[in-house]
Amino acid sequence: MDFLKELNEIQLEAVKQIEGPVMIMAGPGSGKTRVLTYRIAYMMECGIDPFRILALTFTNKAAAEMRHRIQEIIGLEAKNLWMGTFHSIFARILRYDGDKLGYPSNFTIYDVQDAKSLLKQIIKEEGLNDKLYKPNTVYFRISSAKNSLLSPAAYQADTNLVSDDESSGRPKIGYLYEKYAKRCFQAGAMDFDDLLLKMYELLDKHPEVLYKYQNKFQFLMVDEFQDTNYAQYEIIKKLAAIHENIGVVGDDAQSIYAFRGATIENILSFQKEYPDTKVLKLEQNYRSTEHIVNAANEIIQNNKSQLAKTIWTDKGEGEKIQVFKCMTDSDEGRAVADNIHEQKLRYHYKNNDIAILYRTNAQSRSFEESLRKHNIPYKVYGGMSFYQRKEIKDIIGYFRLTVNHADEEALRRVINYPTRGIGKTTVEKAMVIANQQEKTLWQVLANIGMYNFNSRQKTLINQFVIMVKSFATMLETQNAYDVAFHIGKSTGLLRELHGDKSIEGLARFENIQELLNGIKEFSERDVVEEEGEETQDQDRSLGAYLQDISLLTNQDDDDNENDSVKLMTVHAAKGLEFACVYVVGMEDQLFPSMMSMNSREDLEEERRLFYVAVTRAKEKLTLAFALSRYRFGQLQYCEPSRFLKEIDQNRLEVKGNVTKPRSEILGGGLKRKSGGLLKKKPDYEHHISEDFTADDPQNVQVGMEVEHNRFGVGKVQSLEGVGQNKIATVHFDAAGQKKIMLKFAKLMILRNNNMDD
DNA sequence: ATAAGTCATTTTTTT
DNA sequence: AATGACTTAT
């Protein structure tokens with residue numbers, strides 16, 4: 001076992017201690033992934049059947065990477081490991097044994113959007129005040145309940161929860177939970193939290209199933225243990241009960257998912273649950289230089305709740321941490337892009353070595369713009385993922401409905417898109433009937449003749465039902481791609497998108513093409529297996545494809561072949577490392593987020609987040625903040641983040657690259673489906689400088705906010721005044737003449753001749 | 001029934 | 001900046 005030579009003493013111990021309960025506390029950069037990988041490889045070298053090893057990771061990508069590395073050491077056998085995220089592994093098990101809870105094997109997985117849309121529907125049906133009962137709030141309450149393994153009945157019996165709801169004026173949340181759970185069940189659907197809750201119920205109520213998996217999984221391993229919630233922990237405990245060979249790996253200082261129910265309590269209760277737990281601490285950091293490591297320690301020590309641990313490095317002092325002080329967010333973008341450019345020239349970094357990390361996805365824009373100007377390739381992770389785009393969700397809605405007719409959210413989404421004359425009122429009416437008779441919406445539509453609808457509606461609905469049924473028939477004989485393509489064509493979806501010749505319409509059409517290509521690849525993927533060995537996923541049906549994609553995460557689509565600067569949230573950066581890291585938007589209210597400054601716990605989680613951000617850097621760390629920033633269209637003044645003050649100031653090198661304020665320009669027109677249709681969002685080049693003179697005002701086209709939420713495009717007629725206070729008279733086609741103060745108007749010059757820049 | 005216009009609300013991170 | 005609810009025109 002040559003591969004073990006690369007490990008230090010503690011790492012080796014962690015690898016070899018495969019029996020009994022083990023807890024590995026692994027600081028950032030301590031070689032955690034290597035230990036996990038080698039530990040599994042070691043097990044297999046010891047002759048343990050990979051089918052009997054269950055390794056739960058945080059992202060699919062982490063699992064795939066580990067599997068790949070183990071495969072390099074051990075060989076193809078690694079394919080048979082049970083390795084994946086909690087959600088994907090449990091989904092697989094539930095597909096197998098979920099029938100015992102009354103779920104079909106092709107159950108749909110509702111994403112957050114589906115779940116909230118269903119809740120909204122229920123709130124409406126119940127006639128509750130939607131100002132009080134917001135889908136977000138209700139969803140959060142239900143999600144927390146599920147993560148605590150509380151059924152609707154248990155929720156309503158819990159005096160604490162009930163009195164919480166009553167005092168917040170929302171006494172019906174428990175009832176809504178009950179309704180929601182029922183509707184999901186009827187629709188043959190589980191939301192993300194159900195994958196945990198139902199897994200627990202399955203093990204809890206069906207001893208034979210529990211016994212089967214307890215025996216099957218002889219060795220259990222959990223990565224990112226600090227980010228597991230109560231439900232996950234309880235499931236692990238159940239599964240490990242017979243063999244008690246359970247290894248957990250984590251770092252309490254990197255726990256950043258409390259908002260999702262993760263609790264560090266699990267780390268403490270683990271040692272209580274298994275008193276003979278072997279605890280190993282990996283404290284040497286192999287990643288970063290001293291300034292970075294020490295800064296991280298200085299930051300985290302401000303947290304009261306933490307386990308004592310100090311990471312250290314022998315990589316040498318390294319460079320000081322740069323701090324960029326900027327005026328506005330676009331200055332920040334420019335400063336970072338300039339610096340990236342300079343660093344690349346001077347130190348020969350590749351784009352792949354560089355990452356820009358921020359607190360919220362919305363912050364990416366100014367960096368995208370400045371990087372584009374520098375011609376630096378970049379990739380934005382997260383935000384709206386591919387599968388959440390409207391056009392993708394639309395076509396997938398058809399797939400879902402085809403595979404599972406009961407899927408109410410999918411049905412409601414596609415029933416009148418493309419428009420086929422089945423409007424809102426008709427659907428509402430059918431919904432009322434469905435609810436009264438405790439049937440699914442589909443059952444009502446499929447038997448529409450039994451109900452009181454006018455003949456036009458009956459015909460249209462019948463046509464729709466017949467169409468979907470024909471898709472379902474195809475499923476049995478055709479592969480995923482053929483069915484998908486047929487659906488796209490015969491629903492008119494492809495035609496609809498193809499007809500839209502705007503820039504965005506084209507992009508949408510391309511997205512659909514990309515999706516179809518993905519499905520094609522999926523349906524042809526390893527159909528032939530080596531040695532006839534039974535693999536875990538042979539199913540190449542459309543249903544299998546849906547299961548495959550429903551649990552993909554933002555981090556999973558990796559794009560390493562392209563050399564590009566990576567832009568992502570700090571959350572998404574967990575587990576990654578870069579030579580050169582820019583943590584941007586370091587302002588109070590943003591990082592720490594204004595939403596997370598209500599309690600000490602909140603603030604400490606934000607601090608751990610900052611800790612995670614800082615420790616991603618190997619050699620160079622830059623922190624940037626802007627003194628003014630737009631929020632809801634208003635310029636706001638910002639204080640530098642309180643976290644900056646927690647670092648020893650001798651480590652910092654402040655570069656106060658503050659420029660004078662410029663007139664701030666916002667890009668973009670509006671695009672809307674309903675309400676002020678402006679589908680096209682042109683690519684504006686928006687430089688408006690103080691010396692804007694417009695020698696020939698007639699030819700300067702100007703876009704400005706004409707009225708609230710409406711942009712107009714017009715030509716400048718005349719220009720008076722000097723400096724920032726110029727007044728332009730602009731002729732708009734629609735709005736006639738208007739005078740605008742350049743200083744205040746959100747104004748942009750359109751360059752029509754090179755819009756495709 | 002649908003498309004388009006008006007008005008109000010909004011506030012993070014993600015499996 | 002971008003949604004959703006509501007209104008109005010076709």
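The structure presented is a predicted model; accordingly, all values stated were derived computationally and were not measured.
Pairs engaging residues 454-464 of chain A under the salt bridge (charged side-chain N to carboxylate O under 4.0 Å, His left out) rule: none recorded [sequence neighbours left out].
Listed for the A/Arg420 side chain is a donor-acceptor partner under 3.5 Å among the backbone atoms of A/Ile415. Side chain of A/Thr228 to main chain of A/Tyr233: no donor-acceptor pair is present (N/O by atom type, distance under 3.5 Å, no hydrogens or angles).
Atom CZ of A/Phe259 and atom P of B/dT11 are 16 Å apart (whole Å). Between the NZ atom of A/Lys61 and the P atom of B/dT15 there is a distance of 12 Å, rounded to whole Å. For the pair A/Asp223 CG and B/dT15 P, the computed distance is 14 Å after rounding to whole Å. Atom C1' of nucleotide B/dT2 and atom OH of A/Tyr417 are separated by 14 Å, given to the nearest angstrom. A/Gln589 places its CD atom 17 Å from the C1' atom of B/dT13, with the value rounded to the nearest Å. The interatomic distance linking A/Asn361 (CG) with C/dA2 (P) rounds to 14 Å, in whole Å. One interatomic measurement links the two molecules: CZ of A/Arg92 to P of B/dT15, which rounds to 19 Å at whole-angstrom precision. Atom CZ of A/Arg359 and atom C1' of B/dT14 are 11 Å apart (whole Å).
Cation-pi check for A/Lys429 over A/Phe453 is met; the charged atom lies under 6.0 angstrom from the ring centroid and within 45 degrees of its normal. A/Lys574 forms a cation-pi arrangement with A/Phe58, by the criterion of a distance under 6.0 Å to the ring centre and an angle within 45° of the ring axis.
A/Ala258 meets the side chain to side chain contact (heavy atoms under 4.5 Å, CB included) test with A/Glu605; sequence neighbours excluded.
Among the nucleotides B/dA3, B/dA1, B/dT14, the one closest to the side chain of A/Thr569 is B/dT14. With distances taken from any side-chain atom of A/Ser593 to the nucleotides B/dT15, B/dT12, B/dT13, the minimum falls on B/dT12. Ranking B/dT12, B/dT15, B/dT14 by closeness to the A/Tyr139 side chain, first place goes to B/dT15. Residue A/Asn136 places its side chain closer to B/dT11 than to any other of B/dT14, B/dT11, B/dA3.
Note on A/Lys120: only backbone sugar-phosphate atoms sit closer than 4.0 angstrom, heavy atoms only; bases stay farther off. If you check every strand for non-hydrogen atoms under 4.0 Å, A/Thr426 touches sugar and phosphate atoms only. When heavy atoms are screened at a 4.0 angstrom cut-off, A/Thr360 is found touching the sugar-phosphate backbone but no base atom. A/Asn416 comes within 4.0 angstrom of sugar-phosphate atoms only, judged by non-hydrogen atoms across all strands, and of no base. Residue A/Val112 is classed as a base contact, given a heavy-atom separation below 4.0 Å to a base.
The aromatic ring of A/Phe86 is not stacked on the base of B/dT15, since the criterion of ring centres less than 5.5 Å apart with planes inclined by under 30° is not met.
Each of A/Gly421 and A/Phe192 has a nearest nucleotide on DNA chain B; the 5'-most of these lies closest to A/Gly421. When the nearest nucleotides of DNA chain B are assigned to A/Arg260 and A/Lys134 by heavy-atom distance, the more 5′-ward of the two goes with A/Lys134.
Distances shown here put a side-chain N or O of A/Thr425 below 4.0 Å from the OP1 or OP2 atom of B/dA1.
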